[in-house]
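One structure is given here, and the rest of the page talks about it.
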Protein chains: 2
Amino acid sequence: MSEQQRRPTLVDVAQAAGVSRALVSIVMRGAPGAAVATRQRVLDAARELGYRPDSRARLLRSTRTKLLGLSFSTGHAFHAEIVDAAYAEASAKGYELALGGVTSGRPEARTIEALLDFGSEALILISPTLSSDELARYAGQVPVVSLLRNDVGELTDSVSSDDYEGIRMAVEHLVSLGHRRIIHVDGGTAVSAEPRRSAFRAEMEQRGLEPAIIAGGAMEEDGMTAGNSLGPDMPTAVIAFNDRSALGLIESLRAQGLRVPADVSVLGYDDSQFARLSYVQLSSISQDAPLLAAAAVDRAVARIEGTQPPGHVVRTPHLVARRTTAAPAPGG
Amino acid sequence: MSEQQRRPTLVDVAQAAGVSRALVSIVMRGAPGAAVATRQRVLDAARELGYRPDSRARLLRSTRTKLLGLSFSTGHAFHAEIVDAAYAEASAKGYELALGGVTSGRPEARTIEALLDFGSEALILISPTLSSDELARYAGQVPVVSLLRNDVGELTDSVSSDDYEGIRMAVEHLVSLGHRRIIHVDGGTAVSAEPRRSAFRAEMEQRGLEPAIIAGGAMEEDGMTAGNSLGPDMPTAVIAFNDRSALGLIESLRAQGLRVPADVSVLGYDDSQFARLSYVQLSSISQDAPLLAAAAVDRAVARIEGTQPPGHVVRTPHLVARRTTAAPAPGG
DNA sequence: TCATGTGACTAGAACGATCTAAATGCCCTG
DNA sequence: CAGGGCATTTAGATCGTTCTAGTCACATGA
């Protein structure tokens, strides 16, 4: 049907408007140095021709791409929320976002290479799994901001949520409701699992309580398995590694004939979409994705535009009490 | 610490290897016309310097980017599955993927512009919401493949799943189990809601059954609401618009003291991760995301590389029977 | 009157690659 | 030994921009 016609360039616009290429360039990027009347004439010509600047050529020359690379895991709903917020914050700062998905068959390094190829001026990596050394190697090329993980060495920026404080709040919440027999279903080898685990241990011990921890993971299945292994001495409250695990856990408890929160209180982590579902109403620790995303974008931009050294930002999470936590039954 | 050093270019590699720019170019893109020994020497020099071709410059000249733009909605788990599969298929065909997220605050058009700016040679849009005319406008610039939606006009390619057939299978499955009072909780204004609705009506009528349809939507809440409104005359089986709606529906039925599938069978649509969760085990109609994604990538590549006209591919879904559908209770 | 300043505009060189066409060797054939 | 054929290599133009360093016309102040 319509042939794939060559797209118009600066030269075409210049000819149409009867001016030089350079002047069109000035007008198109809104730089000062063109008379009002001429400016208008050029803009008209450009619109007439349907001109749109070729970003490749533009960037090639200017070396500024105004592009931030963001890697996330497909399948992590929490990451999706961060992506949303990052888009908003980036565009507010005049940057565009290049998204890179990490999947099972596609290693993180591959995704990062692609993001760099697109011309990202900085990288924001959600829960990166690379070693500090590998991250540092990339950090030598562009600023790198690690999101949700902070043990990344001195050359990489990080924006994370205070896991210790989050777990402390969780324990505090449950204890203040009257719980004493609290267990933690941990995240296994997942990022952040270790700090949460040790935070739980420390916090419980400090209160003179037994810090019972059982193996879990990041998915519903893990929560279920953990729940099923709970039989013998059922606690009155459980702090799950995250919301998805908490959901599986609740399902397992239900199957065992227990009511949540009447018999057992369950607390999630992430305050994800799942937690907010009307039929779930999971109490959870919120890391506030929008805030974290904004902070990460801020740092990335600051690093690009200024000459600040890498830094580590830690934000304090907060507790969102919903329907899955309550005081323990009198006999509990 | 380490200065942000200028990245090495072809010229640097050429000097290091003692050959011309052109030859390095030949070697770097694996083109024929370089002696084996020289090729090796150049590659060594490149690795030594940490050279990586500047894609902007490369693309500026070659006009081939080997890049496919893919837009998806953050927050749609089903889309994430497609993204996964598309990555695999694209890289198998030697293409890279540029991801663009569509969120509430970021209109589809904006995302598409960004994908084009990255230099996408074709666009794959998952459930696009733009009008056929708008799609056609983009299709004039690059091949556009609409995924999961097929009423997109003649200039846009489409890859979709046969909604009629999917619903037909759903009805068939339930009827063969012995159900007669089947209702459909529809998808409201969501993409694909209308074809599924009318398919249900037609298929039920053809079997001489009453095609009861009640308003729903695409989310858990919608399923819940629909489920709660079911009270008076409870059917023996429900076909939900999608898995998420089905989940809400099941939750509502449970709250009403009904067992699934003993009292009511529930069938989802999409065969998403949710359906497969071990504690859910939702029977569902699978659109087979990997297959759809592969087909979309295939079409995009075919359009780019050949001179084929736009076409519409329709794939047949299949039913995955799990634990939420069974024969109705004798008294039902 | 003449240097000087200012605003509007432009020529031409980048940017870092690819591509075309031509040059350079080298071996072989007649 | 001339010249053809082939593989290898290179010079130089080119892609569509931005940027630097002007030019040009005109007004200004001493």
Side-chain angles (χ1 to χ4, degrees), chain A residues 4-43 45-46 49-67 96 113 116-121 141-142, chain B residues 4-43 45-46 49-67 96 116-121 141:
Chain A
Q4 217 83 313
Q5 73 279 30
R6 190 180 62 81
R7 63 190 257 178
T9 75
L10 269 192
V11 179
D12 301 314
V13 178
Q15 270 171 356
V19 296
S20 70
R21 256 175 330 150
L23 191 53
V24 177
S25 170
I26 287 174
V27 172
M28 291 319 291
R29 71 194 129 100
V36 181
T38 321
R39 192 175 287 271
Q40 192 55 51
R41 192 149 41 88
V42 169
L43 287 176
L49 292 175
Y51 169 75
R52 115 193 318 237
D54 180 326
S55 63
R56 304 190 279 297
R58 161 175 284 178
L59 304 177
L60 172 57
R61 180 60 231 227
S62 67
T63 66
R64 287 302 314 270
T65 63
K66 288 284 199 169
L67 190 65
E96 185 57 60
E113 304 279 327
L116 288 175
D117 277 347
F118 290 162
S120 303
E121 292 189 70
Q141 301 180 47
V142 295
Chain B
Q4 216 81 316
Q5 71 279 28
R6 191 179 60 81
R7 61 189 259 177
T9 74
L10 268 193
V11 180
D12 300 317
V13 178
Q15 271 171 355
V19 295
S20 71
R21 258 174 327 144
L23 190 53
V24 177
S25 172
I26 287 173
V27 172
M28 290 321 290
R29 69 195 130 96
V36 180
T38 320
R39 192 175 287 271
Q40 192 54 52
R41 192 149 43 87
V42 169
L43 286 176
L49 293 174
Y51 169 75
R52 95 183 352 225
D54 181 325
S55 62
R56 302 190 280 298
R58 160 177 285 177
L59 306 177
L60 173 57
R61 179 62 232 231
S62 66
T63 67
R64 285 304 313 271
T65 64
K66 290 286 201 165
L67 190 64
E96 186 55 60
L116 289 176
D117 276 350
F118 290 162
S120 303
E121 292 189 69
Q141 301 180 47

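None of the values given here were measured: they were computed from a predicted structure. Per chain, numbering begins at 1; letters A, B, ... match sequence-line order.
- One donor-acceptor pair, N or O on each side, does fall under 3.5 Å between the base of D:dT14 and the side chain of B:Arg61.
- Side chain of B:Arg7 to backbone of A:Gln141: no donor-acceptor contact under 3.5 angstrom is found.
- How far CZ of B:Arg56 is from OG of A:Ser62: 8.0 Å, rounded to the nearest 0.5 Å.
- Note on A:Ser25: a side-chain N or O is less than 4.0 Å away from OP1 or OP2 of D:dT18.
- Atom CG of B:Leu23 and atom P of D:dA11 are 11 Å apart (whole Å).
- Spacing between atom CG of A:Leu60 and atom P of D:dT14 amounts to 17 Å, rounded to whole angstrom units.
- Counting only heavy atoms from C-beta outward, the side chains of B:Asp117 and A:Glu96 never approach each other to under 4.5 Å.
- A:Arg39 has its CZ atom 12 Å from the C1' atom of C:dC9, to the nearest Å.
- Using a distance-only test at 3.5 Å, with no hydrogens or angles considered, no donor-acceptor pair links the side chain of B:Arg58 to the main chain of B:Thr65.
- Rounded to an integer number of Å, the gap from CZ of A:Arg56 to C1' of D:dT18 is 16 Å.
- Rounded to an integer number of Å, the gap from A:Asp54 CG to D:dT18 P is 10 Å.
- The interatomic distance linking B:Leu10 (CG) with C:dC19 (P) rounds to 12 Å, in whole Å.
- Across all strands, A:Ala34 comes closer than 4.0 Å only to sugar-phosphate atoms, never to a base (heavy-atom distances).
- Rounded to an integer number of Å, the gap from A:Ile26 CD1 to C:dA8 P is 11 Å.
- D:dT18 atom P lies 9 Å from atom CG of A:Leu59, rounded to whole Å.
- For B:Ala35, the side-chain atoms get nearest to D:dT8 when compared with the rest of D:dG16, D:dT8, D:dT18.
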| Criterion side chain to side chain contact (heavy atoms under 4.5 Å, CB included) on A:Val13 and A:Met28, from CA distance to verdict | CA-CA 10 Å; A:Val13 178; A:Met28 291 319 291; 5.7 Å; no
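- Residues from residues 13-22 of chain A placing a heavy atom under 4.0 Å of any atom in DNA chain C, listed by number, are A:Val19, A:Ser20, A:Arg21, A:Ala22.
- Between A:Leu23 and A:Ile26, some side-chain heavy-atom pair lies under the 4.5 Å cut-off.
- Counting only distance, with no hydrogens or angles, the side chain of A:Arg61 and the backbone of A:Ala57 share no donor-acceptor pair below 3.5 Å.
- Remark on DNA chain D: of its neighbouring residues B:Ala57 and B:Thr38, the 5'-side contact belongs to B:Thr38, judged by nearest-heavy-atom nucleotide.
- In this model, the phosphate group of D:dG16 is not approached by any side-chain N or O of A:Arg58 to a distance below 4.0 Å at OP1 or OP2.
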